[in-house]
2 protein chains.
Amino acid sequence: MFSVSFMNIEQANSAAEDQRRVAIFKALAEQNRLRIIRVLYQTHREMTCSEVGAQLNISKSTVSYHFKALRVVGLTNTRQVAQTKYLSLQLATFDRYLPGFLATL
Amino acid sequence: MFSVSFMNIEQANSAAEDQRRVAIFKALAEQNRLRIIRVLYQTHREMTCSEVGAQLNISKSTVSYHFKALRVVGLTNTRQVAQTKYLSLQLATFDRYLPGFLATL
DNA sequence: TTCTTAGTTCGACATTAATCGAACTAATAA
DNA sequence: TTATTAGTTCGATTAATGTCGAACTAAGAA
């Protein structure tokens, strides 16, 4: 029966996993954050809030907001040197939830 | 200089492509739509609004809203038989923008 | 024709998200 | 010490999103 197979599938994927997927998609569903991800991937460079703010022409509070959005869902890492924070990609998260995605950028 | 490499990358990815990516992520960044995608993928079956509404326990107007959201960004196909519309995955879109994603479900 | 079934569209409402400036902390430089 | 630089947090505002029920269209059944 259809309802049976549907239930099995729902059970096989925990609600927690699903929430994680939705959170990751939400994080990527925004133009500026997507640009940040692409630059991090294509330049093989870390970035700071100041750099991003200057390039994307958005206020530093907004950049900080986007950096946090990417970090809390595990898409990026933060390395701090004094008061400067360097952002880089957390490749393990991409590999697990979006394998092959970065290469499409 | 950093700004130069950044600009080149921005140019290499058209604004249209980026908007498409954002639209696709937005479509997937919702619990019920993600469930619909998973069921379509794992059952290798088409689905109707009625079926989805019954299984996910949401109103038919909401189901219709989600079906449209998936269709307009090209994640799904619709095959109509009389007044019934059958939804299926448009695999080409996944292959191009999210290769490997479906297999993680 | 009348009734049912499958979806769509239209307000309306509540929730979330993006953005900014201002005020803040903390580290470094002058 | 004072000034500068890098980020964060806090309202506030505006825009977008998810949800529903009600009214609608269109196809088939009785």
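Each chain gets a letter, A, B and so on, in the order the sequences are listed, and its residues count up from 1. This is a predicted model, so every value here is computed, not measured.
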side-chain N/O B/T62 vs D/dT19 OP1/OP2, d < 4.0 Å: no

Touch class at under 4.0 angstrom, heavy-atom based, for A/S50 against every strand present: sugar-phosphate

Between B/S59 and B/S61, a side-chain donor and acceptor under 3.5 Å: yes

Nearest-angstrom distance from the residue atom CD of B/Q31 to C1' of C/dT15: 15 Å

Sugar-phosphate only, base, or nothing, as touched by A/S64 at under 4.0 Å among non-hydrogen atoms: base

Validation row: A/L102, A/L91 side chains within 4.5 angstrom (heavy atoms): yes

Residue mapping more 5' on DNA chain C - nearest nucleotide basis, A/S59 or A/V81: A/S59

Side-chain N or O of B/K85 closer than 4.0 Å to phosphate OP1/OP2 of C/dT8: yes

Of B/R71 and A/Q83, the one whose closest DNA chain C nucleotide lies more 5': B/R71

Rounded distance (Å) that lies between atom C1' of D/dA15 and atom CG of A/N32: 15 Å

Whole-Å gap separating P (C/dC20) and CG (A/L56): 11 Å

B/Y97 versus B/E17, side-chain donor and acceptor atoms under 3.5 Å: yes

OP1 or OP2 of D/dT9 under 4.0 Å from side-chain N/O of A/K68: yes

Shortest side-chain distance from A/S61, nucleotide among C/dG7, C/dA22, C/dA18: C/dA22

Geometric class of the B/F101/B/F94 ring pair [parallel <30°, tilted 30-60°, perpendicular >60°]: parallel

Atom-to-atom span, CZ of A/F25 to C1' of D/dT17 - whole angstrom: 18 Å

Sugar-phosphate only, base, or nothing, as touched by B/F67 at under 4.0 Å among non-hydrogen atoms: nothing

Side-chain heavy-atom pair A/T76, A/I37 within 4.5 angstrom cut-off: yes

Touch class at under 4.0 angstrom, heavy-atom based, for B/K60 against every strand present: base

Proximity to the side chain of B/I58 - top-ranked nucleotide from D/dC20, D/dA27, D/dG7: D/dC20

Under 4.0 angstrom between A/H66 side-chain N/O and C/dA17 OP1 or OP2: no

Out of D/dT19, C/dT19, C/dT28, whichever nucleotide has its closest atom nearest the side chain of B/E30: D/dT19

